[in-house]
Participant: 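Can you read through this structure? Questions will come right after.
Here is how names work: the chains are called A, B, and so on, in the same order as the sequence lines, proteins then strands, and each is numbered from 1. Values reported hereafter were calculated over all heavy atoms of this structure, with side chains retained and with hydrogens, waters and symmetry mates removed.
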Amino acid sequence: MSNFRIAGKGRVNRSRQLRFSFDGVDYTGYEGDTLASALLANGVHLVGRSFKYHRPRGILTAGSEEPNALVGSNRGNGRFEPNTRATVLEVFEGLKTESQNRWPSLTRDIGAVNDALYMLFSAGFYYKTFMWPKSFWDKVYEPVIRNAAGLGKAPTAPDPDSYASRFAHCDVLVVGGGAAGLAAALEAGRSGASVILCDEQSEIGGSLLAEPTAEINGQLAWDWLEDTNAALAAMPNVTVLPRTTAIGYYHQNFVGLCQRLTDHLRIVPDGAPRERMWKVRAKQVVLAQGAIEKPLVFAGNDRPGVMLAGAARTYLNRYGVKVGNWVVAVTSHDSAWHAAFDLAKAGVEVAAIVDVRGTVPTQLVAAADALRIRTLIGWTVTGTKGRLRVSSVRVNPVGPGGKVGGAETIACDTLLMSGGWTPSIHLFSHTQGSLTWNEDGQMFLPGRGKEECRLAGAGKGRFGLKAAFEDGAAAGSAAAADAGFAAQPAAYHVEGELSFTGVTGHELPTDRDPGHAKAFVDFQNDVMAKDIRLAVREGFKSIEHIKRYTTNGMATDQGKLSNINGLAVASDALKRPIPAVGLTTFRPPYTPTSFGTFAGYNKGALFEVTRKTPIDGWAEENGAVYEPVSLWRRAWYFPQVGEDMHAAVARECKAVRTSVGMFDASTLGKIEIVGPDAAEFMNRMYTNAWTKLAPGRCRYGLLLGEDGFIRDDGVIGRLAQDRFHVTTTTGGAARVLGMMEDYLQTEWPDLKVWLTSTTEQWSVIALQGPNARKLIEPFVEGIDLSEGAFPHMAVATGKICGVPTRLFRVSFTGELGFEINVPARYGRAVWEKLFEAGQRFGITPYGTETMHVLRAEKGYIIVGQDTDGTLTPDDAGLSWAVGKTKPDFVGKRSLSRPDMLAANRKQLVGLLTSDPKTVLEEGAQIVLDPNQPVPMDMVGHVTSSYWSAELGRSIAFAVIQGGRSLQGKTVHVPMPDKVHSATITGMVFVDPENTRLSA
Amino acid sequence: MLLIRCPYCEAERPEVEFTYAGEAHIARPADPSALSDDEWRDFLFIRTNPRGRHFERWRHMHGCGRFFNAVRDTVTDKFSMTYKAGAPRPSDEEIALASSATADSAASVKDARP
Ligand SMILES: [Zn+2]
């Protein structure tokens with residue numbers, strides 16, 4: 001196996017050799033390697049197939065901007081992640097990785113036929129090709145092409161990892177730990193300000209990690225770095241976070257950081273979170289994110305072995321890896337020269353440096369000559385060869401007037417390229433800060449900011465080490481000063497600074513047909529320069545439209561490499577300057593971020609709270625099946641051995657109608673309304689009249705919105721002249737309290753009323769059935785339960801089973817019933833006592849399904865099920881609950897608006913199916929004429945539908961246009977299998993005379 | 001996530017503690033029955049929906065529970081000021097004064113020159 005590791009170079013730990021695998025082949029690397037550096041050390045460049053054309057692809061960069069080298073990473077124990085960037089993934093012992101988007105293997109990939117069909121996949125191919133012919137969509141495009149295109153496979157098993165999150169506050173947040181960021185953090189830290197310094201890499205240092213020979217204030221760069229890291233670590237006010245990416249910059253200096261905690265570990269400690277989201281609120285922010293090198297755009301620039309020059313230099317200097325044995329560099333910028341020099345000095349054969357510029361700094365040419373490197377100044381690259389790895393490069397001289405001369409072929413196994421550098425302004429863009437075009441540097445720079453934010457170093461176009469240090473120091477001390485800490489920026493002396501000049505452009509000149517050049521702009525989305533030119537020819541002028549039509553910059557790397565080159569090509573095609581074409585918007589997250597990081601602790605049982613009543617445990621022990629009702633879980637039914645839901649509900653219903661059933665109603669919303677103006681407040685909020693309701697009596701209350709539509713309902717007891725016990729629907733409790741608070745605080749602040757949520761203060765046990773009174777009588781103290789003293793809709797305070805109670809004589813079943821409110825902590829004890837005592841009556845616990853059936857048999861509605869926010873009291877048949885003589889209440893004025901009085905409003909009615917065995921589906925649509933053509937005229941829908949064991953048939957409610965005037969008429973419910981017919985009826989199906997209420 | 005100043009707690013708190021409650025300074029008519037259908041419709045549904053300065057209601061739901069008013073720019077999301085429910089709509093001068101006190105340098109360029 002080839003070894004490309006160079007002795008004495010790099011920062012990887014040579015004493016810690018690690019084994020890992022890629023596509024089933026075992027390799028070795030060192031502690032400190034990324035997967036990319038370790039593969040390159042083994043001579044592996046080919047790591048994947050491209051998204052659309054399945055072209056072989058290699059490692060293009062050495063950072064998080066990598067568009068090509070995406071792999072599946074298996075960290076063991078079910079920890080699999082697709083699309084991991086090989087340039088970011090740290091190697092550890094036993095790591096398993098695999099290439100993606102290839103079949104059957106990376107070297108022999110069937111999908112590569114797409115590459116031969118590349119003219120088919122040009123700009124907008126989604127919009128054009130798939131339109132015709134229609135049958136091709138089903139048979140060819142969808143199954144074949146969609147299957148062939150793509151990236152990694154999503155894992156199928158649940159993510160076994162946990163994720164953490166944390167809020168943090170600091171005076172100065174520094175994003176980026178390169179020269180500028182370190183200088184900024186040092187200044188701010190020395191000033192005494194609280195500082196967070198984060199960097200996405202495993203080691204703090206940024207580009208200094210690849211600059212071992214530079215000298216800073218008389219120290220070699222890595223010695224300076226070591227001292228600086230130690231100095232920062234010694235400052236208690238400074239927190240340094242490596243492996244931490246600032247993913248988004250939000251309002252008021254709120255910055256999200258994703259810290260990767262365990263991906264680099266062979267053994268993950270039990271319970272250790274994989275990643276942590278830091279939600280940082282910083283007084284001042286310094287962005288020192290550096291710059292990203294630009295590829296050059298020429299035919300064959302995507303072949304494995306073609307790599308950014310700066311990346312090659314990083315692999316050499318930081319990882320001790322030479323990226324090839326025969327190297328050619330093509331560039332429009334000095335930086336590729338320096339990479340070529342470093343490689344040549346390390347013993348690599350550099351066949352040529354091709355510079356598209358007409359003139360280059362003379363010291364570069366002299367240095368190349370000294371290293372015996374051939375220089376081709378004013379030449380271009382017009383093609384590359386090599387199936388799975390570049391094997392040669394085609395170069396041509398460019399004569400006066402841009403005439404491209406005859407080609408020459410140079411053999412190589414690696415081609416370095418550099419088109420200059422793009423400042424990383426992504427986070428600044430998140431703040432909606434404006435950008436300005438810098439004509440000299442041919443780059444966008446930060447303009448007017450909107451946050452307490454500074455940029456420093458290469459991230460704002462100040463290239464070079466000295467500039468970065470001094471700019472960072474200035475930004476750090478100024479940020480500290482703005483946060484209230486005195487600081488004086490230090491000066492920096494740098495030796496070994498590299499020259500940094502260059503030009504930028506669009507595609508390199510060529511002697512071949514550019515319409516057939518596979519010159520890639522966006523490597524991840526397989527967008528070529530000719531695609532962008534085609535989009536312009538087809539009339540797209542806005543860069544935002546060109547982006548979406550060609551998909552340039554829309555891959556997971558968000559165009560970190562491609563946006564600026566795409567813009568240059570579009571600008572040339574449109575014959576408008578770059579700033580006039582404009583830049584697309586960067587959005588968070590800066591780099592792909594796992595869903596787990598965003599979810600944090602909010603998964604599994606913590607995704608949403610489950611509210612449980614004090615009686616919930618008894619229900620669980622007694623075999624309840626649950627259903628969720630808002631955040632509560634409620635006992636749905638209590639099946640006995642061998643019973644299905646249908647049988648259980650029929651048995652529970654029968655018990656209530658013939659003896660006694662018990663039901664946990666604790667989830668009902670409860671609000672205590674107290675004060676001298678309590679009755680006046682009730683009058684204004686609810687439709688009903690409350691003034692004459694005597695203490696000790698209850699009333700059904702109906703609450704509307706100001707628009708006149710039903711919002712909530714519930715039984716309300718008056719305990720005293722100045723005290724009401726309000727109940728609400730289970731799901732509506734918080735909403736109703738909020739609405740009441742709104743009116744009380746903002747419309748009627750003069751009213752002396754206090755509102756308190758008491759939902760969780762009371763356990764509520766509903767005892768319903770003809771034997772209910774007989775059951776509780778022996779346990780009640782201080783309340784005369786006789787019919788005369790305590791009739792239907794009475795409320796009293798006393799004791800039950802020795803504990804205080806608010807006892808309500810109410811019924812949601814149509815039977816004689818009580819709702820026993822006891823302080824929550826006694827709920828289960830009272831429930832168990834009554835259950836035990838009820839055995840002689842065959843007492844039966846029942847759940848929400850039985851509750852629903854029983855109330856429907858009696859024609860009682862459920863707000864939110866039978867109403868949907870468009871029903872007035874009259875629509876719901878509840879006009880009797882509206883106090884018409886009251887001058888005002890919330891929603892009253894709306895009830896006389898013309899539309900609210902229209903004759904064909906949907907009204908709530910009963911529905912009996914022609915076939916008594918048919919239970920209609922809730923939500924099913926209703927039509928008058930089943931034979932009309934589709935789409936039919938739908939006049940309403942089924943809101944509630946049950947099997948009634950009491951009646952031996954189905955029952956239903958529905959809202960139907962003008963429904964009450966259609967009593968006795970037949971309507972139809974078309975369903976996929978058949979059309980059902982039903983008759984419109986009244987809503988009370990059982991005991992319409994209400995004789996049982998007072999049994 | 002925005003920071004919002006609760007005028008009752010007299011403190012800036014993160015947005016998650018608050019709920020939005022619609023446009024401010026739309027008082028419920030003292031006698032709704034005296035309003036025409038069109039007037040009542042306007043009260044119910046018609047809102048200014050401006051691009052720029054908006055007077056709006058917020059509630060410090062997970063704090064003191066109080067409703068209050070705020071002046072916020074709907075383009076930048078920036079709050080100029082908050083004030084107690086029932087207080088009159090602040091004047092341009094009051095808003096300018098409040099926003100310069102809280103954000104004097106927020107929009108400055110911060111030496112963004114290359
Ligand atoms: Zn508050």
Participant: Relative to chain A, which segment of B:Leu44 carries a heavy atom at a distance below 4.5 Å: side chain, backbone, both, or neither?
Facilitator: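 Side chain of B:Leu44 only, per the 4.5 Å heavy-atom cut-off to chain A.
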Participant: Taking non-hydrogen atoms and a cut-off under 4.5 angstrom, which of residues 35-43 of chain B neighbour chain A?
Facilitator: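 Within residues 35-43 of chain B, the residues under 4.5 Å from chain A are B:Leu35, B:Ser36, B:Asp37, B:Trp40, B:Arg41, B:Phe43.
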Participant: NE2/A:His251 to OG1/B:Thr76 distance, rounded to the nearest 0.5 angstrom?
Facilitator: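 Between A:His251 NE2 and B:Thr76 OG1, I get 7.5 Å after rounding to 0.5 Å.
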Participant: If I measure from the heavy atoms of chain B, does A:Glu741 come under 4.5 Å with its side chain, its backbone, both, or neither?
Facilitator: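 The answer is both parts of A:Glu741.
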Participant: Can you name the closest pair of heavy atoms from A:Val890 and B:Arg28 and give their distance?
Facilitator: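 Shortest heavy-atom separation between A:Val890 and B:Arg28 comes out as CA-NH2, 3.8 Å.
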Participant: Measuring from atom NZ of A:Lys450 to atom NZ of B:Lys78, what distance do you get when rounded to the nearest 0.5 angstrom?
Facilitator: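 Between A:Lys450 NZ and B:Lys78 NZ, I get 9.5 Å after rounding to 0.5 Å.
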Participant: At a 4.5 Å cut-off on heavy atoms, which part of A:Ser894 comes close to chain B: side chain, backbone, both, or neither?
Facilitator: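 For A:Ser894, backbone and side chain are both near chain B.
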Participant: About how many Å separate CG of B:Leu2 and CZ of A:Phe254, when rounded to the nearest 0.5 Å?
Facilitator: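 If we round to the nearest 0.5 Å, A:Phe254:CZ and B:Leu2:CG are 10.5 Å apart.
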Participant: Which bit of A:Asp742 comes within less than 4.5 Å of chain B, counting heavy atoms only: side chain, backbone, both or neither?
Facilitator: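 Both parts, backbone and side chain.
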Participant: Which one of A:Ala478, A:Pro898, A:Pro423, A:Ser896 has the most heavy-atom pairs closer than 4.5 Å to chain B?
Facilitator: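 Top option by heavy-atom pairs under 4.5 Å: A:Pro898.
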Participant: Rounded to the nearest 0.5 Å, what's the gap from CD on A:Gln252 to CZ on B:Phe79? Could you check?
Facilitator: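 Here the interatomic distance stands at 8.0 Å.
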Participant: To the nearest 0.5 Å, what is the distance between OG1 (A:Thr746) and CZ (B:Arg66)?
Facilitator: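 Those atoms lie 10.5 Å apart.
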Participant: Which answer fits A:Phe463, side chain, backbone, both or neither, if we ask what part of it has an atom under 4.5 Å from a heavy atom of chain B?
Facilitator: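 Contact with chain B: none, neither part.
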Participant: Name the member of A:Lys892, A:Arg897, A:Glu706 that forms the most heavy-atom pairs with chain B at distances under 4.5 Å.
Facilitator: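 Among the listed options, the one with the most contacts to chain B is A:Glu706.
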